[in-house]
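So the structure is just underneath, and the comments pick up after that.
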Protein chains: 4
Amino acid sequence: MLKYNLLEAMKEQTKTDVKLTDKKQKIMEAAISLFAEKGYGNTPTSEIAKAAGVAEGTIFRHFGTKDHLLVSLIVPFLKDSIPLMAEELFEKLLSNHELRFEDFLRNLLRDRLLFLKQNKEIFQIIVKEFFYNEEIRHELIPYFAENIGSRLVQVIRTFQERGELSDQPAETMARHIFFSIGGTFIFKFVFGLNGSQDEEAEIESVVRFVMDGVRKIKEDSP
Amino acid sequence: MLKYNLLEAMKEQTKTDVKLTDKKQKIMEAAISLFAEKGYGNTPTSEIAKAAGVAEGTIFRHFGTKDHLLVSLIVPFLKDSIPLMAEELFEKLLSNHELRFEDFLRNLLRDRLLFLKQNKEIFQIIVKEFFYNEEIRHELIPYFAENIGSRLVQVIRTFQERGELSDQPAETMARHIFFSIGGTFIFKFVFGLNGSQDEEAEIESVVRFVMDGVRKIKEDSP
Amino acid sequence: MLKYNLLEAMKEQTKTDVKLTDKKQKIMEAAISLFAEKGYGNTPTSEIAKAAGVAEGTIFRHFGTKDHLLVSLIVPFLKDSIPLMAEELFEKLLSNHELRFEDFLRNLLRDRLLFLKQNKEIFQIIVKEFFYNEEIRHELIPYFAENIGSRLVQVIRTFQERGELSDQPAETMARHIFFSIGGTFIFKFVFGLNGSQDEEAEIESVVRFVMDGVRKIKEDSP
Amino acid sequence: MLKYNLLEAMKEQTKTDVKLTDKKQKIMEAAISLFAEKGYGNTPTSEIAKAAGVAEGTIFRHFGTKDHLLVSLIVPFLKDSIPLMAEELFEKLLSNHELRFEDFLRNLLRDRLLFLKQNKEIFQIIVKEFFYNEEIRHELIPYFAENIGSRLVQVIRTFQERGELSDQPAETMARHIFFSIGGTFIFKFVFGLNGSQDEEAEIESVVRFVMDGVRKIKEDSP
DNA sequence: GATGAATGAGGTTTCATTCAT
DNA sequence: AATGAATGAAACCTCATTCAT
């Protein structure tokens, strides 16, 4: 079904970035809304055309295929979604020995929350298609593994060496952290179920859960 | 798209439970495999018919609609999936003051792991459709909220009163726990990515993360 | 474009041969007429459906593809037309030593003329598509080469040995004969241009041209 | 489908002959290659434009219609292809009583072979479209009948009067000769199947077949 | 003259559903 | 109960042609 290699597409994408026609822009916006709302497979191109105020043929003139339209929406998101954060925070982390793991977590959460607030609909599309579309999944899993997984593991190992984190396998911890953050984001941005109106409180709640779990901490009596 | 109310369907289902014709059974089995693999929307009824060794018309004779076939698969799973466990464990919990929260968690994980091992494919279907199909989602969310959410909250409150759990809002804690468990199950059963070959170790890892998070526990120096 | 191997299809076709539904028959008849008249590429399936008094979907239920519909028309024709001629006439030839080459030619022409009168429209389709459709051509050429070409060459060699035919290369002679006969048939059945109203006279004219060319035969003066 | 009268077009064409823009020339060359290779109906204008290094609109600015582009390619070829040969050879023939019919044939074949070697692709286009496109066929048949048919008949009659050719109806003989020559050219230039590497030998083979057929000529023993 | 974005009619194909047998 | 041929709406996509720049 998917005939496009996402990683290839990401590399090529740089060239064709700027020249967004008016109509092309309209099509992309309409497609983003509709795919996010109803899913790629449940959105006919005719409806996209109508929503974009464009003839159906125009979609195919610009994107060739419905598949390729989807890819064109996803790719720039993916390009932005990971490396920036990782690179930057990673350096901060290495250079600043004052930074504790929970600060790292807090930063990460704040940064990604902001990013996803600005890219809510594409995030919805990706999550939905990730579950539904095996080809999308097969394209993305290695990308995530490399860009999120292995970097997070590195960070965890660094903090383990500093004695801040427990000595469970770093991969296991990374997975648990990923579920906690991912679950929170999916709930919030895909299903629109906010944990709390206060964003800062929400972040703190995740940080606290990830750091210390649910157990009541015994206060050391003097 | 979905014309069936799942909760209604669940109630009605009791009547028609036993009389599963040979052909009807075949159809359901074929549909489960195919929906799990490719998703409901990507599976033509013709393919189900072929896989079941049945004429296409037979599907509609038994289920009326493709939608209704999906519902017929999901409903018994949902009926089995929650109440039983909750009821039982809840009573055990109340009657047994020795049971700690982490034992509750451990039991819950073991029990559901067993259940999902036996119902892997239907779990896959539900997860996929939950993300992709808004109507399914709208049907299921209240059901989950009531049957999982509120019961888990009750349990948490009970243990909070016993002084075992921290005093964060119970709803928040329930959500975090749900993400940790749900994420683990989805990874394992939907994407086939096992955290560990040893199931018992996997359970312990979740329990430990949920209970104590990732922070290195300071040993009390004398 | 064409995804079917004609020779393979021919074999498969034997199995499914008999069960020609009413509608399937109607579709094939309509398709033959329309393809012959306007060519395959200029005939929409919608028009075939209308002409056959059938829903458009029915065409695809029976033939899967427009391509496959074309193949389904051509294949049985070729199955009947070529081996029969080759086998039968070839045997007649070998068994009867009285038979002269021009009798062989006469028989061949009579036989094929009769056959093409009954299958005029399919012959039209094949000729048109043979010129227009490279894939059809690539499928058919080896089949013709083997079944017509090489057998005709054998016949020619036999008669050369008997001293009836000149000693040009048999392949060359076969080609010239093929052009003479093929040209005549195409003119008659594809373009509807009859050489003569009297069929027997037409045959004789071909035989005479092939045997003796156009030169005035000098009468031996005593 | 075809809205242009070829004969009319040929007349008009004289006026617009010389002023071939650079772009117009490019378009025509690209179209010739593509039409010859894939056929008119299977060649999108977009592809012609790309191959010509020209915008799609430019094609329509110059030719108005895809149909008209086809006609613009065919017409000058036809103008060159027949009259020249006929006029010239005919005069040679009438003035030179030494010229035998087989010399006429030989000259004709040599001349046209050279011409077609230089116009192979357009010949391919015309043959393909002649078979496929009824309107093209209806346009061309009278043209051929008049320019080739009737002149050839005249030549044949002349030689019949000189006692060189047999007394079959001249029309019939013309048709047989046309098939022999036409078949040879189509095989060679449309299907790329050469009868012989040696062109002169190929010509002789046609001449011999046309003149004397395939029969072994009995040598008169004294 | 030249462009190329835009069009929209029309093409092939898919598929849930119906219904006579 | 079971069949499977038939349906036709709707999906994706192609392409000759137009037109503002």
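Note that this is a predicted model, so its numbers are computed, not measured. In what follows, chains are A, B, ... by sequence order, proteins preceding strands, each numbered from 1.
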Let me have the donor-acceptor pairs involving side chains of residues 47-58 of chain A, under 3.5 Å, with sequence neighbours excluded, atom names and distances please.
residue: A:Glu47; atom: OE1; partner: A:Lys38; partner atom: NZ; Å: 2.9
residue: A:Glu47; atom: OE2; partner: A:Lys38; partner atom: NZ; Å: 3.1
residue: A:Glu56; atom: OE2; partner: A:Thr45; partner atom: OG1; Å: 2.7
residue: A:Glu56; atom: OE2; partner: A:Ser46; partner atom: N; Å: 3.4
residue: A:Thr58; atom: OG1; partner: A:Ala55; partner atom: O; Å: 3.3

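With DNA chain F read from its 5' end, the first of the two nearest nucleotides for C:Gly53 and D:Phe60 is the one closest to C:Gly53. Comparing A:Thr58 and B:Thr45, the nucleotide of DNA chain E nearest to each residue sits closer to the 5' end for A:Thr58.
Rounding to whole angstrom units, OH of residue B:Tyr40 and C1' of E:dC15 are separated by 12 Å. To the nearest angstrom, P of F:dA2 lies 11 Å from NZ of B:Lys26. Distance NZ (A:Lys50) to P (F:dC12): 14 Å, rounded to an integer number of Å. Atom P of nucleotide F:dA20 and atom CG of A:Asp22 are separated by 16 Å, given to the nearest angstrom. If you take CD1 of B:Ile59 and P of F:dA5, they are 15 Å apart, rounded to a whole angstrom. In this structure, CD of D:Glu47 is placed 17 Å from C1' of E:dG4, rounded to the nearest angstrom. Between C:His62 atom NE2 and E:dT13 atom C1' there is a gap of 16 Å when expressed in whole angstrom units. When rounded to the nearest whole Å, the span between CG of C:Leu69 and C1' of E:dT13 equals 14 Å.
In this structure, E:dA20 forms a base pair with F:dT3, meeting either the Watson-Crick or the G-U wobble geometry with both donor-acceptor distances under 3.5 Å. Under the Watson-Crick and G-U wobble criteria, each requiring two contacts below 3.5 Å, nucleotide E:dT13 is paired to F:dA10.
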Report task. Check step by step if side chain to side chain donor-acceptor pair (under 3.5 Å) holds for A:Asn42 and B:Tyr132. Result -> CA-CA 9 Å; A:Asn42 300 320; B:Tyr132 213 69; 5.1 Å; no
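Looking at the side chain of A:Thr65, the nearest of the listed nucleotides F:dT17, F:dC13, E:dG1 is F:dC13. Counting only heavy atoms from C-beta on, B:Glu56 has its side chain closest to E:dA16 among E:dA16, E:dG11, E:dT3. Closest to the side chain of C:Arg61, from the set F:dA11, F:dT7, F:dC13, is F:dT7. Which of E:dG8, F:dC15, E:dT14 sits closest to the side chain of A:Ala55 comes down to E:dG8. Residue C:Val54 has its side chain nearest to F:dT7 when only F:dT7, E:dG11, E:dT3 are considered. Set against F:dC12, F:dT7, F:dA2, the side chain of A:Lys66 has F:dC12 as its closest nucleotide.
Distances shown here put a side-chain N or O of A:Lys23 below 4.0 Å from the OP1 or OP2 atom of E:dT7.
Between atom CD of residue B:Glu121 and atom CD1 of residue B:Ile126 there is a gap of 12.5 Å, rounded to the nearest 0.5 Å. Distance CZ/A:Phe60 to CD1/A:Ile27: 10.0 Å, rounded to 0.5 Å.
B:Phe131 and A:Phe131 have parallel rings, their planes meeting at less than 30° on a 0 to 90° scale where 60° marks the start of perpendicular.
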